[in-house]
Amino acid sequence: MELFRIILAIVELICCIALVLSVLFQSGSKQGLGAIGGASESFVSRTKVKDLDGKLRKITIVVSIVFILVCIALNILALAFGL
């Protein structure tokens with residue numbers, strides 16, 4: 001049971017890092033990635049940013065659900081087995 005708890009803790013740490021990075025890589029709602037460097041945006045760059053933001057949004061949702069489920073599982077283990 002201790003090995004399972006360690007594996008869940010490692011998965012939780014990986015999810016935590018992935019969640020932070022996926023949120024940080026998303027662009028703001030009113031600015032594109034070109035606003036950081038001051039570059040002008042064309043239609044092609046705007047669609048690429050939207051595609052990337054869509055993928056990052058999906059990754060954020062999936063990773064956050066996994067993170068929540070792992071947190072719940074670790075809490076259940078701690079309550080049930082006193083780990």
Side-chain angles (χ1 to χ4, degrees):
M1 195 54 64
E2 185 69 22
L3 179 65
F4 186 62
R5 187 185 67 82
I6 291 172
I7 291 172
L8 281 178
I10 291 170
V11 170
E12 183 178 30
L13 180 66
I14 291 170
C15 285
C16 179
I17 292 170
L19 189 59
V20 168
L21 290 177
S22 67
V23 169
L24 286 177
F25 285 142
Q26 291 180 21
S27 63
S29 60
K30 295 187 181 191
Q31 59 191 9
L33 291 176
I36 295 171
S40 63
E41 293 185 30
S42 65
F43 176 73
V44 175
S45 67
R46 280 184 276 174
T47 56
K48 284 183 183 178
V49 169
K50 288 181 183 178
D51 290 342
L52 180 64
D53 279 342
K55 289 177 185 177
L56 285 173
R57 188 173 298 117
K58 288 178 185 176
I59 289 171
T60 303
I61 291 170
V62 170
V63 171
S64 63
I65 291 171
V66 171
F67 181 77
I68 290 170
L69 292 176
V70 170
C71 286
I72 292 170
L74 282 172
N75 282 324
I76 290 172
L77 282 176
L79 290 174
F81 298 105
L83 297 175

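The two residues Leu77 and Phe4 come nearest to each other via the heavy atoms CD1-CD2, 3.6 Å. Contact between Ala73 and Leu8 at its shortest, heavy atoms only, is CB-CD1, 4.0 Å. When all heavy atoms of Ala18 and Val63 are compared, the closest pair comes out as CB-CG1, 4.1 Å. Of all heavy-atom pairs between Val11 and Val70, the closest is CG1-CG2, 3.9 Å.
Considering CD1 of Ile76 and SG of Cys71, their distance stands at 11.5 Å, rounded to 0.5 Å. In this structure, the separation between CG on Leu74 and CG on Leu79 is 11.0 Å, given to the nearest 0.5 Å. With rounding to the nearest 0.5 angstrom, the CG atom of Asp53 is 12.5 Å from the NZ atom of Lys58. In this structure, the separation between CD on Glu12 and CD1 on Ile17 is 11.0 Å, given to the nearest 0.5 Å.
Under the side-chain hydrogen bond (donor to acceptor under 3.5 Å, both in side chains) criterion, Thr60 pairs with Ser22, Gln26, not counting sequence neighbours. Here Ile68 pairs with Ile72 under the side-chain contact (heavy atoms from CB on, under 4.5 Å) rule; sequence neighbours left out.
Taking Ile, Leu, Val, Met, Phe, Trp and Tyr as hydrophobic and joining them when side-chain heavy atoms fall under 4.5 Å apart, one finds Ile6 in a cluster with Ile10, Ile14.
Leu13 and Leu21 fall within the same hydrophobic cluster, defined by Ile, Leu, Val, Met, Phe, Trp and Tyr side-chain heavy atoms under 4.5 Å apart, directly or through other members. In the hydrophobic clustering of this structure, Val20 does not group with Leu56; members are Ile, Leu, Val, Met, Phe, Trp, Tyr whose side-chain heavy atoms approach within less than 4.5 Å, directly or through other members.
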